[in-house]
Amino acid sequence: MEGENKKSAVSDVGAWAMNVVSSVGIIMANKQLMSSNGYSFSFATTLTGFHFAVTALVGLVSNATGLSASKHVPFWELFWFSLVANTSIAGMNFSLMLNSVGFYQISKLSMIPVVCVMEWLLHNKQYSKEVKVSVLVVVIGVGVCTVTDVKVNAKGFICACIAVLSTSFQQITIGSLQKKYSIGSFELLSRTAPIQAVSLLVLGPFVDYFLNGKFIANYKMSSGAILFIILSCSLAVFCNVSQYLCIGRFSAVSFQVLGHMKTVCVLTLGWLLFDSELTFKNIMGMIIAVLGMVVYSWAVEAEKSSNGSKTVPHIKNSLTEEEIRLLKEGVDTNSVKDVQLVESKV
């Protein structure tokens, strides 16, 4: 059991580390690709379509070579999930365009309490006092880091609400689908990526035209821009896979909390690589946020230990009663176990 726990812990850390590294990497690559000092490729929605197209291609190759298995998930659920995910992407882009950076950051911070409320309403999930306090500390820390001017307008507020609700629901749905159909993170991603890729590549250029008044067909592609698009798409595969891995292993709330580590990394790398200003306010906010993340990790582990100590005896008694019932009915327990193993493999 100790060996399994250690392997699980290493896998959890690996999934989270891959998500942080790939997410920060893709932000840095996109900054160079999209900034006026770089290649001025201002077509974020279409670029996301490229990301999912490459991810779908990787999934197709993986299934064809037998590296992964394609499990059945009803098409209507995949379509519904893809619709929510694309609404999240478009909502975030519109929110960033219509709102100030400060309000955009506040809307992103609001995802943690929104996810908590959604999980409570949809799955009746309860949170300990320690977890709630640590989440509040993280939100305050990241808020101090990132929030500057806060200006609100009606259209921007509506887009921000749509973005927050759809993103929160998307992250909860990832975990729900994985549990409901016993499907791995990469298998689920390979099923949804083609639908998202097609829809974003068809609608993306029109969304981008509405956002910046430029059509991608008029963009003069250079070798440098192509190189960074390929780099961005490659990092997106790792980012998408690790996101599904993290939500499958942790929870939507944990993913949001740990995800704010990316904000700290982006601020630090922006200061190191792009001469971005790093003020005393930013540094204090990062320290508070990291402290909150440490406390959150401790609170979640304490909650797991508490729940585990309460549930283990009950499970043991239930299994014993089931074995007694089978013996009384004259059923061979070993045969039953063999049948169960075969069914689980099927």
Side-chain angles (χ1 to χ4, degrees), residues 15 18-19 21-30 33-34 41-64 67-68 70-71 73-96 162-163 166-175 177-178 183-211 216 219 221 225-248 255 259 262:
M18 183 168 69
N19 183 256
V21 171
S22 59
S23 297
V24 173
I26 200 172
I27 289 172
M28 295 295 113
N30 289 350
L33 178 63
M34 295 182 172
F41 186 85
S42 56
F43 309 99
T45 310
T46 307
L47 180 62
T48 307
F50 293 156
H51 290 170
F52 280 106
V54 174
T55 303
L57 180 62
V58 171
L60 182 64
V61 172
S62 179
N63 290 334
L67 295 175
S68 61
S70 180
K71 292 188 178 180
V73 179
F75 177 79
W76 71 268
E77 291 213 48
L78 295 175
F79 180 80
W80 167 249
F81 172 80
S82 300
L83 180 63
V84 172
N86 288 348
T87 302
S88 166
I89 294 167
M92 283 296 181
N93 288 339
F94 279 109
S95 177
L96 184 58
I162 292 173
S166 58
T167 303
S168 302
F169 187 66
Q170 175 206 4
Q171 292 177 358
I172 292 173
T173 305
I174 291 174
L177 287 176
Q178 286 186 242
I183 187 172
S185 54
F186 185 74
E187 286 78 13
L188 178 60
L189 178 60
S190 64
R191 298 298 304 275
T192 57
I195 302 173
Q196 289 187 254
V198 170
S199 56
L200 287 172
L201 289 176
V202 171
L203 300 176
F206 301 100
V207 174
D208 290 329
Y209 180 79
F210 180 79
L211 288 171
I216 190 171
Y219 179 76
M221 197 72 72
I226 293 174
L227 178 64
F228 271 91
I229 288 174
I230 294 173
L231 176 61
S232 179
C233 290
S234 302
L235 290 169
V237 174
F238 291 99
C239 185
N240 287 331
V241 170
S242 60
Q243 177 180 343
Y244 279 60
L245 276 173
C246 286
I247 297 177
F255 180 73
K262 291 180 282 190

Please test Asn30 against Phe228 for side chain to side chain contact (heavy atoms under 4.5 Å, CB included), starting from the C-alpha separation and ending with a verdict.
CA-CA 8 Å; Asn30 289 350; Phe228 271 91; over 6 Å; no
Working for side chain to side chain contact (heavy atoms under 4.5 Å, CB included), residues Ser82 and Gln196:
CA-CA 6 Å; Ser82 300; Gln196 289 187 254; 3.8 Å; yes
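- In this structure, OG1 on Thr45 lies 5.5 Å from CG on Leu211, to the nearest 0.5 angstrom.
- Listed here is the closest heavy atom pair of Gly59 and Phe186: CA-CZ, 3.7 Å.
- At distances below 3.5 Å, not a single donor-acceptor pair connects side-chain atoms of Ser95 with backbone N or O atoms of Gly91.
- Using a 4.5 Å cut-off on side-chain heavy atoms (C-beta onward), Ile229 and Met221 make contact.
- Tyr219 contributes atom OH, which lies 9.0 Å from atom CD1 of Ile216 (distance to the nearest 0.5 angstrom).
- Here the straight-line distance linking atom CD1 of Ile26 with atom SG of Cys239 works out to 5.5 Å at 0.5 Å rounding.
- Residues Phe81 and Val73 form no side-chain contact, since every pair of their non-hydrogen atoms from C-beta on lies 4.5 Å or further apart.
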Evaluate the side chain to side chain contact (heavy atoms under 4.5 Å, CB included) criterion for residues Leu47 and Leu33: first the C-alpha distance (whole Å), next the side-chain angles of each, then the deciding distance (0.1 Å), finally the verdict.
CA-CA 10 Å; Leu47 180 62; Leu33 178 63; 3.9 Å; yes
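- Other residues, nucleotides and ligands contribute at most 12 non-hydrogen atoms within 6.0 Å of the OH atom of Tyr209.
- Note that CG of Asn93 and CZ of Phe210 are 12.0 Å apart. Values are rounded to the nearest 0.5 Å.
- Taken to the nearest 0.5 Å, the CD atom of Gln178 stands 10.0 Å off from the CG atom of Leu189.
- Between Cys233 and Phe50, the closest heavy-atom pair is SG-CB, 3.7 Å.
- Side chains of Ser166 and Thr87: no donor on one and acceptor on the other come within 3.5 Å.
- Aromatic ring centres of Phe43 and Phe41: separated by under 6.0 Å.
- Of the possible polar contacts, none joining the Ser62 side chain to the Val58 backbone as a donor-acceptor pair under 3.5 Å is found.
- Side chain of Asn240 to backbone of Thr55: no donor-acceptor contact under 3.5 angstrom is found.
- Residues Ala44 and Met34 approach most closely at CA-CE, 3.6 Å, considering heavy atoms.
- Nearest heavy atoms, Ala197 versus Ala53: CB-N, 3.5 Å.
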For Asn63 and Ser190: C-alpha separation, side-chain torsions, deciding distance, then whether side chain to side chain contact (heavy atoms under 4.5 Å, CB included) applies.
CA-CA 9 Å; Asn63 290 334; Ser190 64; 4.0 Å; yes
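- The shortest distance between side-chain heavy atoms of Leu200 and Ile89 falls below 4.5 Å.
- Listed here is the closest heavy atom pair of Leu188 and Ile174: CD2-O, 3.9 Å.
- Nearest approach of Leu231 to Ala29, heavy atoms of both residues: CD2-CB, 4.0 Å.
- Between the side chain of Thr173 and the main chain of Phe169, a donor-acceptor pair closer than 3.5 Å is present.
- Inter-residue side-chain proximity for Phe52 and Leu201 is flagged as unmet; no heavy-atom pair is nearer than 4.5 Å.
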